[in-house]
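Single-structure report; data block below.
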Amino acid sequence: MANLSLKGIQKIYPNGFQAVKDFNLEIEDQEFIIFVGPSGCGKSTTLRMIAGLEDISGGTLEIDGKVMNDVEPKDRDIAMVFQNYALYPHMTVYDNMAFGLKLRKVPKDEIDKKVKEAAKILDLEKLLDRKPKALSGGQRQRVAMGRAIVRNPKVFLMDEPLSNLDAKLRVQMRIEIAKLHNNLKATMIYVTHDQTEAMTLGTRIVVMKDGVVQQVDSPQKLYNEPDNLFVAGFIGSPHMNFVDAVVEVKGEDVVLKVADYRFPLPAKKAKALIDGGYDGKTVVMGVRPEDLSDAQVMVETNKDSTVKAEINVYELLGAEVFLYFTLEGASMTARVDPRTTAKTGDVIDFAIDMEKVHVFDKETELTITN
Amino acid sequence: MERSEQLEKSLTELEKLTGLKLAITDTVDEEHSVTQINAMLKAYKERYNKEDFLLSLLRGKIRDKEAQKRGQAFHLNAEGDKFLFLLQAKAESHKEVETVLKQLFPTRTSIEIVYPGGEEVALLYYPKRKEDIATLAHTLADTINMELMIKVVVAYSEVFTKYEELHKVYEKCQLALRLGTVFTFGSNVFPSDQLGVGQLIDGLSPEKCHNFLDETFGEEFIAELTEEMRITANTFLQNNLNIAETARGLHMHRNTLIYRLEQIQKKTGLDIRVFGDALTFKVGMMVLDYLEMER
């Protein structure tokens with residue numbers, strides 16, 4: 001298959017708007033890379049530059065060691081699946097998958113071989129004679145993938161291919177795409193704005209914001225060790241809770257002061273704040289919802305890092321409950337056991353697991369403790 | 001002899017198209033005859049060839065009443081809802097683009113495809129039911145991108161019903177393509193009913209543009225305008241004139257940013273930290289981009 005190298009890739013439009021700034025990434029053969037970020041962050045623009053559908057303003061794109069900047073899209077040996085794909089309504093599944101190859105004047109027997117191979121991988125063999133209107137949403141999506149697979153490309157590029165599907169189908173198709181990646185052993189680059197999709201699909205995730213790469217890491221590292229406030233808030237659902245805190249250093253001990261509360265930091269985190277000269281400064285304390293607990297045993301063993309708050313909203317999701325409260329003006333969410341007896345209006349204690357707390361520089365928004 | 005060949009060619013085409021065979025005597029003025037025959041051929045095509053008829057409509061060459069009458073003769077839907085999609089792709093790919101477009105629509109009678117010239121492909125669409133035209137435009141663009149691996153941009157119109165509106169609709173789509181590629185970024189689909197400030201700038205004479213730019217920026221600034229200055233100014237405007245956010249976005253110290261903004265002020269007299277001057281600067285940059293596109 002293929003490895004890709006993006007060095008200093010930039011996209012600057014004629015009026016000076018920088019859609020992508022200094023994008024650097026090495027993608028190994030067979031990796032499943034996800035570009036994730038909010039709308040307008042440059043992820044689709046980067047994908048389109050890889051495809052050749054957007055000109056590269058600066059930097060170098062290489063595929064298997066060959067510079068691709070000025071190579072036409074159809075000569076890059078890539079295949080794409082875009083959000084607004086359409087199947088040809090009066091063609092059978094077979095003809096839909098074969099159409100692109102026919103346009104390229106591929107011999108008939110070769111087309112037949114490729115279509116049948118792709119159909120086998122996608123479990124579409126029994127559907128080859130059907131027309132799109134006789135297919136389910138998931139089957140149609142697989143046909144769209146099939147149109148890309150028959151080209152046997154070096155790289156697959158997918159731009160939000162599941163965005164137009166309903167939630168249930170999206171979950172189902174995510175599994176299918178993951179299986180597809182395993183079967184094809186192909187290099188895949190996938191763009192999505194959905195962080196859940198990113199976390200479940202990718203081997204490595206590129207988080208982008210305003211044209212800049214924020215962090216490139218495995219899903220686990222992104223979740224546990226975010227490099228900055230944006231990544232911390234973007235990855236994870238519900239998102240991380242943030243509240244301003246003032247750092248107070250006494251010898252080797254550090255507490256984070258929030259309103260009348262003083263939360264002691266574990267030694268390793270404390271050292272990072274001391275070494276960074278944060279005594280007396282305001283920082284941002286981040287806590288994931290699952291690291292806030294209303295369980296009695298947690299409250300009793302974490303007396304120094306417990307807050308009392310009124311529950312504003314109680315949300316039962318089945319396997320878990322979300323409790324919403326306010327701390328020093330900041331909206332907080334706690335993910336608790338569904339057997340909790342807490343309900344809206346109750347004033348209860350929440351214990352913060354300080355081992356899991358993240359601290360960020362308020363000005364630079366970079367992590368201090370990761 | 002060259003003239004005789006031209007006349008032969010015209011006569012052959014006339015016979016092929018209409019079945020008419022004209023007798024030419026030795027005394028006839030050949031150049032005049034060729035002109036006359038070609039005019040007859042053109043009129044015949046417009047009257048009896050659907051593609052030529054639609055092209056003439058696009059170009060505004062057919063009068064209102066005639067448009068309705070001739071449309072009916074071609075069994076074209078005179079009264080129903082219509083939309084125009086105007087695609088721009090390299091001319092050498094037009095045949096493949098047409099192949100893809102024809103496969104995308106369930107019935108061949110729901111579309112007409114004509115080629116106005118250059119890189120344009122015009123697709124006239126007669127929807128049988130209410131649908132999201134913006135999504136359809138994106139579908140056309142994405143499918144052509146995916147299937148043919150070529151660049152394409154698409155403008156689409158609002159709904160119209162009468163053929164005599166086609167000329168204005170076409171001009172709006174052309175404008176949308178022109179302005180979209182200059183002023184809109186990150187998209188390859190442009191609605192013709194969201195032309196924005198760019199439509200005010202379009203149509204300005206080069207003289208007016210140059211006068212405005214000289215007044216706003218001065219010749220020196222334009223000559224010295226670097227990509228770095230453009231990026232700085234544009235990022236600052238995008239961040240709502242916020243120094244901290246801009247400095248963060250550009251990965252520079254706020255003092256460096258302030259220095260650069262002061263440099264712009266020194267050269268142009270415009271302090272883009274102030275809204276009024278920022279607005280003038282923005283419009284000036286749009287006029288500059290427009291001039292560069294027209295060049």
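So you know, we letter chains A, B, ... as the sequences are listed, proteins then strands, and number each from 1.
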Query raised in the report: By a 4.5 Å heavy-atom criterion (distance strictly below it), what part of B/Asp289 contacts chain A: side chain, backbone, both, or neither?
Result: side chain
**Report entry** Proximal to chain B - members of residues 99-108 of chain A, heavy-atom separation under 4.5 Å
**Finding:** A/Phe99, A/Gly100, A/Leu103, A/Arg104
Requested in this report: Check the pair A/Asp159, B/Met146 against side-chain contact (heavy atoms from CB on, under 4.5 Å), reporting the backbone distance first and the verdict last.
Outcome: CA-CA 11 Å; A/Asp159 193 346; B/Met146 281 166 51; over 6 Å; no
Query raised in the report: Do B/Met149 and A/Met80 have side-chain heavy atoms sitting under 4.5 Å apart?
Result: yes
Query raised in the report: When only heavy atoms count and the cut-off is under 4.5 Å, which of residues 46-53 of chain A reach chain B?
Result: A/Arg48, A/Gly52, A/Leu53
Report task. Heavy-atom distances under 4.5 Å only: say whether B/Leu148 touches chain A with side chain, backbone, both or neither. Result -> both
Query - Residue, of A/Lys209, A/Arg76, A/Met91, A/Lys11, that accumulates the most heavy atom pairs under 4.5 Å with chain B - result: A/Met91
Query raised in the report: A/Ile78 versus chain B, heavy atoms under 4.5 Å apart: side chain, backbone, both or neither?
Result: both
**Report entry** Side-chain donor or acceptor of B/Asp142 paired with backbone N/O of A/Asn84 under 3.5 Å
**Finding:** yes
Query raised in the report: With no hydrogens and no angle check, do the side chains of A/His90 and B/Gln103 hold a donor and an acceptor under 3.5 Å apart?
Result: yes
Query raised in the report: Which bit of A/Ala86 comes within less than 4.5 Å of chain B, counting heavy atoms only: side chain, backbone, both or neither?
Result: both
Query raised in the report: For B/Lys90, is it the side chain, the backbone, both or neither that has a heavy atom under 4.5 Å from a heavy atom of chain A?
Result: side chain
Report task. Heavy-atom distances under 4.5 Å only: say whether B/Val100 touches chain A with side chain, backbone, both or neither. Result -> both
**Report entry** Residue selection (most heavy-atom pairs with chain B, distance under 4.5 Å) from A/Lys21, A/Glu363, A/Lys74
**Finding:** A/Lys74
Report summary line: In terms of heavy-atom pairs under 4.5 Å with chain A, the winner among B/Asn188, B/Leu288, B/Thr235, B/Thr135 is B/Asn188
Query raised in the report: Among B/Arg230, B/His138, B/Met285, B/Gln238, who wins on heavy-atom pairs under 4.5 Å with chain A?
Result: B/Arg230
Requested in this report: Check whether B/Asn234 gets within reach of chain A through its side chain, its backbone, both or neither, counting any heavy atom under 4.5 Å.
Outcome: side chain
**Report entry** Separation of B/Thr184 OG1 from A/Tyr13 OH (nearest 0.5 Å)
**Finding:** 10.5 Å
Requested in this report: Count the heavy atoms of every other residue, nucleotide or ligand shown that sit under 6.0 Å from NZ of B/Lys208, and state whether that count exceeds 12.
Outcome: no
**Report entry** Candidate pair B/Glu147 and A/Tyr88, rule side-chain hydrogen bond (donor to acceptor under 3.5 Å, both in side chains), full reasoning
**Finding:** CA-CA 11 Å; B/Glu147 201 68 90; A/Tyr88 305 117; 2.5 Å; yes
